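The block underneath contains the structure these notes are about, expressed in structure tokens.
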Number of protein chains: 2
Amino acid sequence: MTSTTEPRKVRADARQNLDALLTAARTVFARAGVDAPAREIATEAGVGVGTLYRHFPNRAELVAAVFTSEIDATAAAAGELLAEHPPKEALDLWITRFTRFVATKQGLSAALRSGDPAFDALPALLMGKLGPALASLLDAAAAAGDIRDDVDPLELLQAVGDLSHRAPSADGTPNPMVRLLLDGLRAR
Amino acid sequence: MTSTTEPRKVRADARQNLDALLTAARTVFARAGVDAPAREIATEAGVGVGTLYRHFPNRAELVAAVFTSEIDATAAAAGELLAEHPPKEALDLWITRFTRFVATKQGLSAALRSGDPAFDALPALLMGKLGPALASLLDAAAAAGDIRDDVDPLELLQAVGDLSHRAPSADGTPNPMVRLLLDGLRAR
DNA sequence: CCACTATACGGAACACTGTTCCGTTTATGC
DNA sequence: GCATAAACGGAACAGTGTTCCGTATAGTGG
């Protein structure tokens, strides 16, 4: 094994450019949505498009990289909320947080929904990290008898994402349709 | 007034080409979804792209034209269902029908959700025709006390559309998340 | 400190979109 | 038939994502 600790030399400028790209992408995505042209991101980072594609196989991977930390934070929030609130309340709070995350990222849900194979990495990332988080919340709430127990976490996650695309949520409230969906979860 | 009955001569070949375009578009959309390239549709119709754009200002208008008759039929179904079934049942049946319509048209909901201004005509068409249809169903069900009365028909329509994008619905059943949404409608 | 080489860079070039433009063809009315 | 306005075809334009490759350079062994 030549890989774990000591081996390949990563050129310093490469590392710098990668950081610059991530920062630039974050900025541009916030300003113009995830559909922003690759050239614009490269320019913002002060590099050529070739450099962008050297670091990421395609735009979608860049999007995934940019959102990874926030996705991790959102996933982690599930455990915290569960520790501090009753199960159903924790679930509602987490959904609200997730809703805000999706709504905040212009075009994120559009990308998720697009079906474009270029964005395959995105759903995989979201589902992989957030699926288990939501599952834990659903299990807790179901165990408490607050909600039905036959809901697929991934389907629900996808659905909430789909419904959250236009929620300015000035006050951070999830949109009415998400609420309706959550009402539908209640045990009867 | 030179417009009502006798005036402008519509060249026969123009009318033929328009029909050919609509037929071709229907075929291509079914095969490759509404995102199919304009050139492909023109070729299928045996005309040049210029001709396509002579008849439709942009691709979205063509999509709208292709789906208009089906949309009209779906809207009309609301009244029929309402005449033959109890309100809540009529509502559920209509939603199922609408779901199937959306799911059947590859990429339709994606286009709706895209926010792309090019597709402005599409939501306008759907909302304009189907909104009132759904409103009548909701009103009837709310009057019967079956569901809450504070639901915006357009929002619900949009939401169901958003949720229906991947529902093969082998058996014609709406997907589980749409069901959850409908459960949320129930008066409490 | 220098030369050398693998690494990384930049941006022109390619393939594919939607859409526009305009020279050519053709249906129609006389 | 002829003239003419309508309609056509497809080349051309603008804007994507992505690839390619000649050039520049960081790191290293002498």
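It should be emphasised that the depicted structure is a prediction, and the values quoted were computed from it without experimental measurement. Just so we're on the same page: letters track the sequence lines, and every chain starts at 1.
- Judged as a side-chain hydrogen bond (donor to acceptor under 3.5 Å, both in side chains), the pairs with a partner in residues 81-94 of chain A (not counting sequence neighbours) are, in order, A/His85-A/Glu89, A/Lys88-A/Asp92.
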Side-chain donor-acceptor distances from residues 139-153 of chain B under 3.5 Å, at least two apart:
| from | atom 1 | to | atom 2 | distance (Å) |
| --- | --- | --- | --- | --- |
| B/Arg148 | NH2 | A/Asp183 | OD2 | 2.6 |
| B/Arg148 | NH2 | B/Gly184 | O | 3.4 |
| B/Asp152 | OD1 | B/Leu154 | N | 2.9 |

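- The nearest whole Å value for the distance from the CZ atom in A/Arg54 to the P atom in C/dG11 is 15 Å.
- Atoms OH (A/Tyr53) and P (D/dT18) sit 4 Å apart, rounded to a whole Å.
- Listed by chain and residue number, nothing satisfies the salt bridge (charged side-chain N to carboxylate O under 4.0 Å, His left out) test with A/Arg39 (two or more places apart in sequence, or in another chain).
- Rounded to an integer number of Å, the gap from B/Glu40 CD to D/dG10 P is 17 Å.
- One interatomic measurement links the two molecules: CD1 of B/Ile41 to P of C/dG18, which rounds to 8 Å at whole-angstrom precision.
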Atom pairs under 3.5 Å: protein N/O with N/O of nucleotides 14-16 of chain D:
none

Measure all distances between protein nitrogen or oxygen atoms and nitrogen or oxygen atoms of nucleotides 23-25 of chain C, and list the pairs falling under 3.5 Å.
none

Mind listing the side-chain donor-acceptor pairs of residues 68-77 of chain B below 3.5 Å, one per line with the distance, residues two or more places apart or on another chain?
| from | atom 1 | to | atom 2 | distance (Å) |
| --- | --- | --- | --- | --- |
| B/Thr68 | OG1 | B/Ala64 | O | 2.7 |
| B/Glu70 | OE1 | B/Lys105 | NZ | 3.1 |
| B/Glu70 | OE2 | B/Lys105 | NZ | 3.4 |
| B/Asp72 | OD1 | B/Lys129 | NZ | 2.9 |
| B/Thr74 | OG1 | B/Glu70 | O | 2.9 |
| B/Thr74 | OG1 | B/Arg97 | NH1 | 3.3 |

Show which side-chain atoms of residues 25-34 of chain B pair as donor or acceptor with protein atoms under 3.5 Å away, not counting sequence neighbours.
| from | atom 1 | to | atom 2 | distance (Å) |
| --- | --- | --- | --- | --- |
| B/Arg26 | NH1 | B/Val66 | O | 3.2 |
| B/Thr27 | OG1 | B/Thr23 | O | 3.0 |
| B/Arg31 | NH1 | B/Glu40 | OE2 | 2.9 |
| B/Arg31 | NH2 | B/Glu44 | OE1 | 3.1 |

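- Within residues 45-52 of chain A, the residues having any heavy atom closer than 4.0 Å to DNA chain C are, in order of number, A/Gly46, A/Val47, A/Gly48, A/Val49, A/Gly50, A/Thr51.
- Within residues 14-29 of chain A, the residues that have a heavy atom under 4.0 Å from DNA chain C are, in order of number, A/Ala14, A/Asn17.
- In this structure B/Val47 satisfies the side-chain contact (heavy atoms from CB on, under 4.5 Å) test together with B/Asn17, B/Leu21, B/Ala42, B/Ala45, B/Thr51, sequence neighbours excluded.
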